[in-house]
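Predicted model, so just to flag it, every value in this text is computed and none were measured. Residue numbers begin at 1 in each chain, while the letters A, B, ... track the order of the sequences.
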Amino acid sequence: MDISPNAYDTLKIPEATVVQRNLRNSLTQIPLKRPPITIGGADISLNRFSEIIYAGIVVLDYETLQPLHYALVQGKASFPYVPGYLAFREVPALIEAIQLLKEKPDVLMVDGHGIAHPRRMGIAAHLGALIDIPTMGCAKKKLYGNYEEPSPTKGDFSALLAADGERLGYVLRTKNKVKPVYISPGNHIDLADCLRIAQHCIGNYRIPEPTRRAHEFVNLFRTGKLSAGYHERPKDTLF
DNA sequence: GCGACAG
DNA sequence: ATCTTGTCGC
């Protein structure tokens, strides 16, 4: 599946909604075939009032959660930010970054929601529908759904539910007495696996390592401390 | 009409 | 998302 950098440039909300309704039919929830060896983190960064998007994918070793390689791409925000339509703004640049990777990650954690979305098409689901990699969403704020607040203890979680009771994902406490994060499947992954993976990726911060490092890298990129393109971790070194 | 509203 | 300093609590 391919997409040009400006694929969504001329779309209006009504048309974007149609795209979401169609893409939704291609989503699948299945357990991962094998335990992941690597996991990617996807995020973008912007300067205030700017149209330039700094997108990046960081691939980490699943066991150590240490970055192995990453790809950075500069793009243009041709679609406005509208809650519920985030994918149309960020996905084109993210796909470009993914294509630069020499080795694709076994699963990709995206900054935003998966199916925890009014039409089940959050950015992680949308991206997952266009690429051949299992995706999951990890958001910092709720977009859609209901849940009971998990206890203040790190590791505790509760289900994120749609109005009809459908389970959309989980609200996961990643740190004691700190706001939880919202986990949901994107595509080619199921609820149990995305929860297990998110739990495994918890480090010493609120944000799980994949998206936390992705955020860190795209910010370094935006501020000129990292350059566009594909980069590998020098052997016997750390990023 | 009112409240909610990822990044 | 980004800007931005101090401040409060563990």
Pairs flagged by ring pair (Phe, Tyr, Trp, His ring centres under 6.0 Å) wherever residues 185-216 of chain A is involved - sequence neighbours left out: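 Pairs touching residues 185-216 of chain A that pass the test: A/Y62-A/H200.
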Where at least one partner belongs to residues 18-52 of chain A, residue pairs that pass ring pair (Phe, Tyr, Trp, His ring centres under 6.0 Å), sequence neighbours excluded: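 Not a single pair qualifies under ring pair (Phe, Tyr, Trp, His ring centres under 6.0 Å).
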Shortest non-hydrogen contact between A/T38 and A/D106, atoms and distance: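 Looking at all heavy atoms of both residues, the closest pair is N-OD2, 3.0 Å.
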Pair A/N219-A/S45, side-chain donor/acceptor within less than 3.5 Å: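 Present: a donor and an acceptor within the cut-off.
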Side chains of A/T64 and A/D61, donor plus acceptor under 3.5 Å: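 Checked: A/T64/A/D61 side chains pair up, N/O donor to acceptor below 3.5 Å.
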Touch class at under 4.0 angstrom, heavy-atom based, for [X] against every strand present:
X	value
A/N219	sugar-phosphate
A/S45	sugar-phosphate
A/H126	nothing

For atom CG of A/N47 and atom C1' of C/dA1, their distance in whole Å: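 Answer to the nearest Å: 10 Å.
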Nucleotide C/dA1, atom P - distance to CD of A/Q74 in whole Å: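 The answer, rounded to whole Å, is 19 Å.
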Per-nucleotide protein contact string for nucleotides 2-7 of chain B, where B marks a base within reach and S marks sugar-phosphate only (heavy atoms under 4.0 Å, - for neither): ---SBB
Per-nucleotide pairing state of DNA chain B [Watson-Crick or G-U, under 3.5 Å; [ ] pseudoknot-crossing; | other strand]: .......
Watson-Crick and G-U pairing of DNA chain C, under 3.5 Å, as dot-bracket with | and [ ]: ..........
Side chain to side chain donor-acceptor pair (under 3.5 Å): pairs with one or both residues in residues 169-178 of chain A, sequence neighbours excluded: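 Only A/E149-A/R173, A/R167-A/Y170 qualify under side chain to side chain donor-acceptor pair (under 3.5 Å).
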Residues forming a side chain to side chain donor-acceptor pair (under 3.5 Å) with A/R24, sequence neighbours excluded: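 Expected list: none.
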Contacts of A/Y144 that satisfy side chain to side chain donor-acceptor pair (under 3.5 Å) - sequence neighbours left out: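 Result, side chain to side chain donor-acceptor pair (under 3.5 Å) vs A/Y144: none returned.
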Set of residues satisfying salt bridge (charged side-chain N to carboxylate O under 4.0 Å, His left out) with respect to A/E15, sequence neighbours excluded: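 A/E15 satisfies salt bridge (charged side-chain N to carboxylate O under 4.0 Å, His left out) with no other residue.
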Residues in salt bridge (charged side-chain N to carboxylate O under 4.0 Å, His left out) contact with A/K179, at least two apart in sequence or another chain: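 Checked A/K179 against salt bridge (charged side-chain N to carboxylate O under 4.0 Å, His left out); zero matches.
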Identify every side-chain donor-acceptor pair in residues 80-91 of chain A under 3.5 Å, counting partners at least two apart or on other chains, and give the distances.
{"unit_1": "A/Y85", "atom_1": "OH", "unit_2": "A/T17", "atom_2": "OG1", "d": "2.7"}
{"unit_1": "A/Y85", "atom_1": "OH", "unit_2": "A/R119", "atom_2": "NH2", "d": "3.1"}
{"unit_1": "A/R89", "atom_1": "NH1", "unit_2": "A/F79", "atom_2": "O", "d": "2.9"}

Salt-bridge criterion met for A/R213 and A/D43 (N-O under 4.0 Å):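 Judged by the 4.0 Å cut-off on N to carboxylate O distance, A/R213 and A/D43 do not form a salt bridge.
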Is there any protein nitrogen or oxygen under 3.5 Å from a nitrogen or oxygen in nucleotides 6-10 of chain C, and what are the pairs?
none

From CD1 (A/I183) to CG (A/L160), nearest 0.5 Å: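 Spacing of CD1 (A/I183) from CG (A/L160) equals 10.0 Å.
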